[in-house]
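What follows is a set of notes on a single structure, which appears directly below.
Letters A, B, ... are given to chains in the order of the sequence lines, protein chains preceding strands, and every chain is numbered from 1. Everything numeric here is computed off the predicted structure, so don't read it as measured data.
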Protein chains: 2
Amino acid sequence: MRLTSKGRYAVMALVDLARFNNINPVSLRDISLRQGISLDYLEQIFSKLRKKEIVQSVRGTQGGYILNKRAKEIKLTNIFEAVDEKVKTVQCKKDSKKGCNGKLTKCLTHNLWDELENHINNFFDEKSLEDLVKDNNERRV
Amino acid sequence: MRLTSKGRYAVMALVDLARFNNINPVSLRDISLRQGISLDYLEQIFSKLRKKEIVQSVRGTQGGYILNKRAKEIKLTNIFEAVDEKVKTVQCKKDSKKGCNGKLTKCLTHNLWDELENHINNFFDEKSLEDLVKDNNERRV
DNA sequence: TATAAACCCGACTAAAATAGTCAAGTATCA
DNA sequence: TGATACTTGACTATTTTAGTCGGGTTTATA
């Protein structure tokens with residue numbers, strides 16, 4: 001099991017963005033430099049974040065992105081969903097040959113993966129962007 | 001983030017094995033048929049489980065595998081570790097250019113991934129093979 | 001003692017996913 | 001009008017995954 005870079009980058013970039021928010025739009029170029037993430041890749045990621053209304057874009061010079069909601073209201077779940085990073089455990093539904101979708105007796109561990117998914121998602125549901133920014137400021141002091 | 005088949009298969013196979021334990025060794029061929037997992041792939045997986053002393057092998061005709069410990073003592077953590085399925089979140093240590101290993105100011109989200117890892121590992125630490133077998137028997141009734 | 005069942009081991013490979021890159025735009029400010 | 005920055009979609013190299021394949025060795029049993 002691994003978390004992909006896309007998800008990590010999305011969170012890193014948004015924490016970066018959240019710190020500068022309410023002042024001016026932040027350009028991807030700046031985030032790219034500060035966080036060491038490829039600009040082109042960031043553009044892909046922010047395109048998704050914008051479509052899911054997590055950020056707003058400001059075009060033109062001095063443009064960039066701003067948060068579209070308060071940091072408190074943006075949960076990690078929302079971020080991961082936006083960039084297609086979801087916890088996948090069982091594939092029972094997709095392919096009728098594998099997994100257990102038809103037969104009641106199969107998939108001895110189905111329940112387990114469900115539980116695990118819930119466990120992880122609870123963690124993501126509870127953490128907001130604000131929490132991360134705060135957490136960061138505290139450690140900085 | 002996804003859980004790979006190797007980890008899922010390992011758990012499925014061991015639950016299957018645990019149900020028949022204390023009677024005779026169970027052959028991979030049987031597990032392969034019951035669980036729909038490629039025999040060759042199972043052999044790879046069980047080779048790792050054996051090296052980590054989770055199962056014992058019995059060679060020759062009528063051979064197979066048996067658990068090397070009581071089902072209660074085999075935690076999911078042990079299984080995942082054995083098949084190299086671990087929760088990977090941050091790569092800070094490996095590559096000195098990326099991540100945050102040197103610099104104190106980088107990696108705004110380092111703490112987060114640590115927490116997440118702990119959260120998931122707690123789940124795996126608590127679940128034993130016995131729990132899964134029991135859980136299964138209950139639902140079967 | 002021959003044979004078949006089963007484990008053992010390492011190399012190979014096809015397919016998918018990931019992590020980007022690249023090119024050609026459009027909008028806006030100064 | 002030029003520079004900055006977002007927008008979009010196609011392309012691609014690399015890595016990982018999920019196996020396959022071909023050869024072993026061991027051992028019960030007929």
Subject >> Side-chain donor/acceptor of Q44(B) to base of dT20(D), under 3.5 Å >> reply: yes
**OP:** Report yes if a donor N or O on one partner sits less than 3.5 Å from an acceptor N or O on the other, where the partners are the side chain of R59(A) and the base of dT7(D); otherwise report no.
**Re:** no
Subject >> Joint cluster assignment, Y41(A) & L28(A), ILVMFWY side-chain distance < 4.5 Å >> reply: yes
**OP:** Give the nucleotide from the list dA5(D), dC22(C), dT20(D) with an atom nearest to the side chain of S27(A).
**Re:** dA5(D)
Subject >> Minimum-distance nucleotide to Q62(B) side chain [options: dT29(D), dG20(C), dC8(C)] >> reply: dT29(D)
Subject >> Salt-bridge present (K6(B), D84(B); N to O < 4.0 Å) >> reply: no
Does [N] have its OP1 or OP2 closer than 4.0 Å to a side-chain nitrogen or oxygen of [X]?
X: R8(A); N: dT18(C); result: no
X: T61(B); N: dT26(D); result: no
X: Y9(B); N: dT17(D); result: no
X: S38(B); N: dT20(D); result: yes
X: S57(B); N: dC8(C); result: yes
X: S5(A); N: dA19(C); result: yes

[atom1] of [X] versus [atom2] of [N]: gap in Å, rounded?
X: K6(B); N: dA16(C); atom1: NZ; atom2: P; result: 19 Å
X: F46(B); N: dG19(D); atom1: CZ; atom2: P; result: 15 Å
X: K51(B); N: dC7(C); atom1: NZ; atom2: P; result: 15 Å
X: K48(A); N: dG9(D); atom1: NZ; atom2: C1'; result: 13 Å
X: R2(B); N: dT16(D); atom1: CZ; atom2: P; result: 12 Å
X: L42(B); N: dC9(C); atom1: CG; atom2: P; result: 16 Å

**OP:** Please determine, by modelled atom types, if Q35(B) and D16(B) share a side-chain donor-acceptor pair under 3.5 angstrom.
**Re:** yes
**OP:** Evaluate the criterion salt bridge (charged side-chain N to carboxylate O under 4.0 Å, His left out) for residue pair E53(B) and K69(B); output intermediate values, then yes/no.
**Re:** CA-CA 8 Å; E53(B) 299 180 332; K69(B) 305 173 188 175; over 6 Å; no
**OP:** Output yes when a side-chain donor or acceptor of N121(B) lies under 3.5 Å from a complementary backbone atom of E117(B), and no otherwise.
**Re:** yes
**OP:** Please figure out whether Y41(B) or R29(A) has its closest DNA chain D nucleotide nearer the 5' end.
**Re:** R29(A)
